[in-house]
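Scroll down for the structure; my scribbles are underneath it.
Below, each value reflects all heavy atoms present in this structure, side chains not excepted, and no hydrogens, waters or symmetry copies. Numbers restart at 1 for each chain; the letters A, B, ... are given by sequence-line order, proteins then strands. Bear in mind the structure is a predicted one, so any value in this text is a computation, not a measurement.
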There are 2 protein chains.
Amino acid sequence: MTVVKEASTIQENKTQAFVNCPVTFVMEKIGGYWKPIILFNLLSGTKRYSELKKSIPAITEKVLIQHLKQLENDGLLIRRSKPVVPPYVTYELSKSGKEMRPVLYAMAIWATNNSGKLSKGFARQMKDFPAEK
Amino acid sequence: MTVVKEASTIQENKTQAFVNCPVTFVMEKIGGYWKPIILFNLLSGTKRYSELKKSIPAITEKVLIQHLKQLENDGLLIRRSKPVVPPYVTYELSKSGKEMRPVLYAMAIWATNNSGKLSKGFARQMKDFPAEK
DNA sequence: AGAAGTACTTACCCTAAAGTATGCATATCA
DNA sequence: TGATATGCATACTTTAGGGTAAGTACTTCT
């Protein structure tokens with residue numbers, strides 16, 4: 001007789017956690033290393049897929065698309081495609097995506113205050129930080 | 001001719017990313033599902049190890065300790081132990097740990113505004129949210 | 001004598017996330 | 001003719017992280 005595992009314990013624990021912890025609820029949406037970077041890059045406005053790729057060179061196509069889909073499913077961004085050849089697809093932040101700005105901003109502040117040597121580079125990034133939509 | 005892999009590509013990519021992205025720098029410190037919850041629970045003040053365990057029932061001891069160590073190494077919290085039996089160990093946020101408050105707060109705001117059904121529960125949590133140190 | 005509490009540690013396994021590599025469809029450009 | 005660009009999809013492999021279970025050291029409580 002084989003015991004069937006209905007769901008991973010990790011998932012159950014995570015569910016438990018984010019039901020009463022707003023912070024974990026957010027991590028469910030933007031947790032992982034790449035999602036915040038993607039959102040960060042979209043704060044400055046709508047971008048084509050290829051532009052995103054160029055501005056985040058270290059990410060692989062598979063992971064980028066995967067995350068874009070998840071972010072779209074979670075309602076954080078909007079995908080628009082024109083049925084032309086070659087394809088023309090753009091991504092932009094949705095309403096709730098834009099509401100992430102204060103979170104990302106607070107993170108950026110923390111980073112500049114707590115990164116030692118790196119802080120200068122971050123401060124430079126902060127200059128381009130789109131302050132308001 | 002054999003190509004030798006010197007280090008994992010994941011790590012290299014992450015390094016690349018957080019050198020120029022403050023947001024990813026932060027995710028390196030508090031990324032993962034449990035760390036924000038731990039910090040959240042310490043916002044209200046110093047806690048013993050066993051108190052943390054009770055307030056986060058879903059986490060296993062191994063993972064809790066593992067994360068506490070990482071957070072300590074990253075300078076986000078301070079561990080103090082009294083050499084008594086039974087052991088008496090407390091954890092509290094360091095200066096940079098306390099500076100995470102605006103990040104967690106912005107997350108909590110986002111969660112209450114973007115969680116539909118769950119928002120009421122989050123709003124309840126927000127009442128206890130330690131606004132200032 | 002033995003159970004319980006405290007703050008861990010260690011060993012082993014399993015899964016989810018990430019990386020690598022390749023393919024596809026179509027049109028335009030050289 | 002075939003190279004290039006675009007936005008993906010798919011199959012396979014590797015790695016990091018998390019889960020389970022058990023043990024430790026010492027004391028106080030029963």
>> With a 4.0 Å cutoff (strictly under), does any side-chain N or O of B/Gln66 reach OP1 or OP2 of D/dG18?
In response: yes

> Does A/His67 place a side-chain N or O at less than 4.0 Å from the phosphate oxygens OP1/OP2 of C/dA18?
Replying inline: yes

>> Tell me whether the NZ or CZ atom of B/Lys82 lies within the 45° cone about the ring axis of B/Tyr88 and under 6.0 Å from its centre.
In response: yes

How long is the straight-line distance from [atom2] of [Y] back to [atom1] of [X], given to the nearest 0.5 Å?
X	Y	atom1	atom2	value
B/Leu104	A/Met107	CG	CE	8.5 Å
B/Trp110	A/Leu76	CH2	CG	5.0 Å
B/Phe40	B/Ile56	CZ	CD1	10.5 Å

Between atom [atom1] in [X] and atom [atom2] in [N], what is the gap in whole Å?
X	N	atom1	atom2	value
A/Ile56	C/dG19	CD1	C1'	17 Å
B/Arg80	C/dC8	CZ	C1'	20 Å
B/Leu52	C/dC8	CG	P	11 Å
A/Tyr33	C/dG19	OH	C1'	15 Å
B/Ile59	D/dT20	CD1	P	12 Å
A/Met27	D/dG18	CE	P	11 Å

>> Heavy-atom count check: over 12 atoms from other residues, nucleotides or ligands less than 6.0 Å from A/Lys47 NZ?
In response: yes

Just the table, please: protein N/O against nucleotides 4-13 of chain D N/O, every pair under 3.5 Å.
from	atom 1	to	atom 2	distance (Å)
D/dT6	O3'	A/Arg48	NH2	3.2
D/dT6	O3'	A/Pro87	O	2.9
D/dG7	OP1	A/Arg48	NE	3.1
D/dG7	OP1	A/Arg48	NH2	2.9
D/dG7	OP1	A/Pro87	O	3.4
D/dG7	OP1	A/Val89	N	3.3
D/dG7	OP2	A/Ser50	N	3.1
D/dG7	OP2	A/Ser50	OG	3.2
D/dC8	OP1	A/Arg79	NH1	2.3
D/dC8	OP2	A/Arg79	NH1	3.3
D/dC8	OP2	A/Tyr91	OH	2.7
D/dC8	N4	A/Glu61	OE1	2.9
D/dA9	OP1	A/Lys69	NZ	3.1
D/dA9	OP2	A/Lys69	NZ	2.6

> Do the charged groups of B/Arg79 and B/Glu92 touch, with an N to O distance under 4.0 Å?
Replying inline: no

